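The shown structure was predicted, so the numbers you read here are calculated from the model rather than taken from an experiment.
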Amino acid sequence: MTSPTPPQAYVSPALGWLLAVPALLGALITLVLPTAQTIWLSFQSGGVLRESSYVGTANYGELLGGADFWRALGFTFSLTVIPLLVAVVVGPLLALALDRAGTWTRRAGRIVLSLAVVAFSPVAVAGAWLRGAMPHASGLVTLAEGLREPATAPGTFRLIVAAATFGVVCALAVIAFLPALRGGTPGPATLVVAVLVALAVVAVGLQTFSLGLVLTRGGPQRATETLAGLQYDYAFRLAEFGPGASVAALTGVILGVLGIVATVVAVAARLRITLTPRTTSQHETATPHPTTASYGPGTDPSRAGSPAPYGPGIDPSRAGSPAPYGPEASHPYGPGAQLPDKTGVPAPAVGMTVVGVVALVLVAGVAFVLTWPWMDGVLASPSTPAGTVAAQVNTWIPAVVGAVVSVGVAYLAALGIGGLRPLGRASEWLLLLFAPWLFVGPGPLAVANWQNVHNLGLIDTFPALIPPLLVSVPALLVLTLLCRGLAERAGGDFFGGVLLPSLPMAGILAGAVALVNAHDLLWPMLVVQKPALFTTPVAQVNQLASYTATAPDVGAATPLAVVAVALAALVAAQLLYLDRLAIRTNGSHVRTPPA
């Protein structure tokens, strides 16, 4: 006899509202109010150097009536074209090949692609490409020579952005698409994920700043100016907060629309994330195999929930065996089918394994070639202040603190909204309260946040380096979808079925946000001017501007110790947790994943 399932402690859905309160307050303080402040500043003239005055919509009229904004908007959108194709074409195709190739090929792909994620730093990559403009440069890096002329600079810039981001875009796309392929109906799930990935790529591309500032500073003759660069020029180079805030507000409108669309798509499709069972042998299994002990006295084995009926005269204790039970018996997987292993899951066909390996080698080879300017720059990096212990402390401590706070607050809200579901089936629609800021980075709110930090007297202080964000909306979306998927199968066990299984994902997202924070250039560059407080990206840009070094210190942003720790953590997360994720839509059921 089997022991009865122990009763699960009941957790009131009302607790969901309480858990969501910190995120709502954080969004109000660091998202809603700075957005309103940005809009108000956009109706002002003046800034730091002269007194502000209300001018109504004059800033918008001048901006929309001139050529600078439209040129920057068009050029910024053009930067997203090639990365978008990589994300929605190369990414899903590689994910499909790895998914069908088997456990070890898929895991090898995850490990290889992890390198591109942990080693990517926009400032370092851009600095590496600048080496192509130096004497005696050779190879792919010499493409940077095209940045010198207005006629060739835009096209060259687009190619460099595509080359520099190929590896990381492909890696992140594969991480997103693999769980969709492991759902019961992978077609709809993959389509929804493709829409979300496409929106995310466009949104991130619209906020391109670091690459533009390092490579061209918007030149020559403003031919490569991005929206973020135009906002920075108005607000901080010319000290005109009104026009700068106008660019920020218009950019925010576009990003807000993209965020709302993404959230509506995810919620309307009933998207959720869940975990497949752990691997028990070489292949994975989702269904345990029956034994004689599974059936109580007098139980008919053919009705005991077995995956297949047992014909007359067949011993149920042998059910699930790959061998036929008699000379007349047919093979359960069809004539000539490949024998399954002891878990009952057929091994992948050799051809699919070969396809997966070839696809991985091809993509990794292309990424290696396109990343070579950075790797070559790391090998030739001189020792500069950008790589000192002080710079690393300034970089990583604020980045980690900001990540822990913003993801931690988001996790509490996700447990409340997705796990406890205070509004029942409609609970996920609460994400619409945060949706306009789903894709908003530090740029569109930079003018308002800088003014707030300045008014508090925190400019040129260490606390100012902490990103001014109390809730990570992307983490909130992902964690809510995960908690929803886990809650559906938890059977009322909130602690063991939702909280504990979702906790590793919160840690993974905190690490990801910390990496993004550490490699950000805009915010630390705005709030510190003292060299002793420079983060690594700021120190690198300062070095490039001073022309005192023979070559950019490309390796400072990714010191070996940081890369080793981040890579080890990401590989462990990929193999032990991310490889078990499955994305579902509507009423689909998680399928038994391929070997």
Side-chain angles (χ1 to χ4, degrees), residues 80 82-120 162-183 186-202 204-205 271 273 275-276 284 348 352-371 474 478 481-482 505 508-509 511-512 515-516 566-567 569-584 591 593-595:
T80 68
I82 300 180
L84 183 61
L85 292 176
V86 172
V88 300
V89 177
V90 179
L93 289 178
L94 178 58
L96 180 62
L98 294 176
D99 181 65
R100 297 297 184 262
T103 301
W104 298 111
T105 305
R106 184 179 68 249
R107 290 178 174 176
R110 287 182 175 277
I111 294 173
V112 171
L113 295 173
S114 297
L115 288 168
V117 176
V118 301
F120 181 74
T165 61
F166 175 84
V168 68
V169 170
C170 190
L172 294 176
V174 169
I175 291 174
F177 280 107
L178 272 176
L181 295 171
R182 297 162 72 80
T190 302
L191 181 61
V192 173
V193 170
V195 172
L196 299 181
V197 168
L199 293 173
V201 170
V202 173
V204 172
L271 198 71
I273 308 171
L275 292 172
T276 60
E284 298 143 318
M352 293 307 301
T353 301
V354 172
V355 170
V357 171
V358 170
L360 177 60
V361 171
L362 180 61
V363 171
V366 173
F368 177 83
V369 172
L370 297 179
T371 310
V478 173
L481 298 179
L482 175 62
M505 177 60 83
I508 293 170
L509 291 175
L515 284 174
V516 173
L567 181 60
L570 186 54
V571 168
Q574 293 270 28
L575 300 184
L576 300 177
Y577 192 85
L578 296 179
D579 198 44
R580 297 175 53 210
L581 293 180
I583 295 178
R584 303 166 55 191
R591 69 174 172 86

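One finds the CZ atom of Arg110 at 6.0 Å from the CG atom of Leu578 (value rounded to the nearest 0.5 Å). Atom CG of Leu509 sits about 9.0 Å away from atom CG of Leu482, to the nearest 0.5 Å. The distance from the CD1 atom of Ile273 to the CZ atom of Arg182 is 13.5 Å, given to the nearest 0.5 Å. Between atom CG of residue Leu94 and atom CG of residue Leu362 there is a gap of 9.0 Å, rounded to the nearest 0.5 Å. To the nearest 0.5 Å, atoms OG1 (Thr276) and CG (Leu581) are separated by 8.0 Å. Atom CZ of Arg106 is separated from atom CG of Asp579 by 4.0 Å, given to the nearest 0.5 angstrom.
Across every non-hydrogen atom of Ala173 and Ala87, the tightest pair is CB-O, 3.6 Å. For Pro83 against Val169, the heavy-atom pair with the smallest separation is O-CG1, 3.6 Å. Taking all atoms of both residues into account, the shortest heavy-atom contact from Gly356 to Ala101 is CA-CB, 3.8 Å. Shortest non-hydrogen contact noted between Ala189 and Ile583 is CB-O, 3.7 Å. The shortest heavy-atom contact between Phe166 and Val86 is CD1-CG2, 3.8 Å. The two residues Ala573 and Ile508 have their closest heavy-atom pair at CB-CD1, 3.6 Å.
Residues passing the side chain to side chain donor-acceptor pair (under 3.5 Å) test with Ser114 are Gln574, sequence neighbours excluded. Residues satisfying the side chain to side chain contact (heavy atoms under 4.5 Å, CB included) test with Val204, not counting sequence neighbours, are none.
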Decide yes or no on side chain to side chain contact (heavy atoms under 4.5 Å, CB included) for Tyr577 and Leu275, but give the supporting numbers first. CA-CA 8 Å; Tyr577 192 85; Leu275 292 172; 4.0 Å; yes
Checking side chain to side chain contact (heavy atoms under 4.5 Å, CB included) for the pair Thr371/Phe120: CA distance, chi angles, key distance, verdict? CA-CA 10 Å; Thr371 310; Phe120 181 74; over 6 Å; no
Please step through side chain to side chain contact (heavy atoms under 4.5 Å, CB included) for the pair Val197 and Leu172, ending with a clear verdict. CA-CA 9 Å; Val197 168; Leu172 294 176; over 6 Å; no
Show the numbers, then the answer: is there a side chain to side chain contact (heavy atoms under 4.5 Å, CB included) between Leu96 and Phe177? CA-CA 8 Å; Leu96 180 62; Phe177 280 107; over 6 Å; no
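With contacts defined as side-chain heavy-atom distances shorter than 4.5 Å, the pair Ile175/Leu113 does not qualify. By the 4.5 Å heavy-atom criterion applied to side chains, Thr105 and Leu98 are counted as neighbours. At least one side-chain heavy atom of Leu196 sits under 4.5 Å from a side-chain heavy atom of Leu271.
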